[in-house]
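One is the number of the first residue; the rest follow in order along the sequence.
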Amino acid sequence: MNDGFDWDAAGESLPLLLEGFRVTLLATVLGTLVAAVLGLVVAMAGRAPSRFVTVPVRVVTEFVRSTPLLVQLVGAAALFNTVEPLYIGIAVLGIHYAAYTSEVYRAGIDGVPKGQWEACRALSLSPRRTWQAVILPQAVRNVLPALGNYAISMFKETPFLAVITVQEMVFEARKYGADNFAYTEVFTLAGLIFLVASYPTSLLMRKLEKRLGH
């Protein structure tokens, strides 16, 4: 062992970290898609005229928001122990963030000017046509930066998947560090990979937010 930074260990661990990063990225992309679609469904269900729909949706959403992601992962892995851990992780990440993206969608829908709704009624557009052609395009456009920020947050929380044995980047870093006593090197590299991947995306979301705000 060297007293300083072991560059050989860093170089040796890099392929393993990149393979873990592939899993991290896959979980983030698929989890974001689940959160985006399910969040929209929850937001629309929350506007249903029947309390038999809105009340259960509100209860489940509040439950998901009020419990830690780590607890949800462990609980889901225990309940569905025959399912591939990666699939469980993607589903739990998607459901967890759907509870938050639903509020983003709700705000975006509420932000559509009332005149747009009135114009649709004046033109006798069906509810489906109103949502598809007028309301949702405007609402989604307004909330894209917020959805992007949630995707970045999800990316940074993927290390929690290690507790259910998903071999993402931090899992690989911890395993290599334990086997070779090189925690400093692998976790430094893992942190740099997270930084390189997330920081440019954050700048892009900030630029998009400013552009859509004009």
**Study point:** Cluster link Val134 to Leu40, ILVMFWY, side chain under 4.5 Å
**Key:** yes
Considering only distance and modelled atom types, tabulate donor-acceptor pairs under 3.5 Å from the side chains of residues 105-112, sequence neighbours left out.
{"from": "Tyr105", "atom 1": "OH", "to": "Ala36", "atom 2": "O", "distance (Å)": "3.0"}
{"from": "Arg106", "atom 1": "NE", "to": "Glu103", "atom 2": "OE1", "distance (Å)": "3.0"}
{"from": "Arg106", "atom 1": "NH1", "to": "Asp110", "atom 2": "OD2", "distance (Å)": "3.0"}
{"from": "Arg106", "atom 1": "NH2", "to": "Glu103", "atom 2": "OE1", "distance (Å)": "3.1"}
{"from": "Asp110", "atom 1": "OD1", "to": "Arg47", "atom 2": "NH1", "distance (Å)": "2.9"}

Practice item. State the OG-OH distance between Ser13 and Tyr183, to the nearest 0.5 angstrom. Key: 13.0 Å
Point to revise | Euclidean distance, Tyr97 OH relative to Ser153 OG, rounded to 0.5 Å | key: 5.0 Å
Point to revise | Residues that Glu62 engages under salt bridge (charged side-chain N to carboxylate O under 4.0 Å, His left out), provided they are two or more places apart | key: Arg65
Review point. If you take all heavy atoms of Thr32 and Ala151, which pair is closest and at what distance?
Key: OG1-CB, 3.7 Å
Check your understanding: Are Leu144 and Leu136 grouped together when hydrophobic residues (ILVMFWY) are joined by side-chain heavy atoms under 4.5 angstrom apart?
Key -> yes
**Study point:** Ile164 with Phe171, same ILVMFWY side-chain cluster at under 4.5 Å
**Key:** no
Revision key, fill the gap. Minimal heavy-atom distance between Ser102 and Ala43, with the atoms involved, is O-CB, 3.5 Å
Point to revise | Hydrophobic cluster identity match, Val37 and Ile135, side-chain contacts under 4.5 Å | key: no
Review point. Quick one: do the Tyr176 and Glu12 side chains pair a donor with an acceptor below 3.5 Å?
Key: yes
**Study point:** Short side-chain to backbone donor-acceptor contact, Asp6 and Asp8, under 3.5 Å
**Key:** yes
**Study point:** Between CG on residue Leu25 and CE on residue Met169, distance to nearest 0.5 Å
**Key:** 9.5 Å
Study note, to complete from the structure: What one should report as the nearest heavy-atom pair of Pro200 and Leu195 is CD-O, 3.8 Å
Please table the atom pairs, donor to acceptor, closer than 3.5 Å between any side-chain atom in residues 77-96 and protein atoms at least two apart or in another chain.
{"from": "His96", "atom 1": "ND1", "to": "Gln72", "atom 2": "OE1", "distance (Å)": "3.1"}
{"from": "His96", "atom 1": "ND1", "to": "Gln72", "atom 2": "NE2", "distance (Å)": "3.4"}

Review point. For the residue pair Pro145 and Asn142, what are the closest heavy atoms and their distance?
Key: CD-O, 3.9 Å
Give every donor-acceptor pair under 3.5 Å between a side-chain atom in residues 122-132 and any protein atom, sequence neighbours left out.
{"from": "Ser126", "atom 1": "OG", "to": "Arg129", "atom 2": "N", "distance (Å)": "3.1"}
{"from": "Thr130", "atom 1": "OG1", "to": "Ser126", "atom 2": "O", "distance (Å)": "2.9"}

**Study point:** Gly148 to Met205 - nearest heavy-atom pair and separation
**Key:** CA-SD, 3.3 Å
Exercise for review: Answer yes or no: is there a side-chain heavy-atom contact under 4.5 Å between Phe52 and Val57?
Suggested key: no
Practice item. Please identify each residue that fulfils salt bridge (charged side-chain N to carboxylate O under 4.0 Å, His left out) with Lys175, with sequence neighbours left out. Key: Asp179
Review point. Are Leu73 and Val60 connected, step by step, through hydrophobic side chains (Ile, Leu, Val, Met, Phe, Trp, Tyr) whose heavy atoms are closer than 4.5 Å?
Key: no
Check your understanding: Is there a donor-acceptor pair under 3.5 Å between the side chain of Ser66 and the backbone N or O of Phe63?
Key -> no
Check your understanding: In Å, rounded to the nearest 0.5 Å, how long is the span from OG1 of Thr28 to CD of Glu157?
Key -> 10.5 Å
Review point. Are Phe155 and Phe194 close enough, and set up right, to give a side-chain contact (heavy atoms from CB on, under 4.5 Å), and what steps lead you there?
Key: CA-CA 8 Å; Phe155 172 67; Phe194 270 112; 3.3 Å; yes
Point to revise | Selection residues 195-205 - residue pairs positive for salt bridge (charged side-chain N to carboxylate O under 4.0 Å, His left out), sequence neighbours left out | key: none
Practice item. Provide the closest heavy-atom pair for Thr61 versus Ala99 in the form atom of the first, atom of the second, distance. Key: CG2-O, 3.8 Å
Exercise for review: Report the distance from atom CD of Glu19 to atom CD of Glu168, rounding to the nearest 0.5 Å.
Suggested key: 12.0 Å
**Study point:** Inter-residue atom distance Glu185.CD - Trp7.CH2, 0.5 Å rounding
**Key:** 9.5 Å
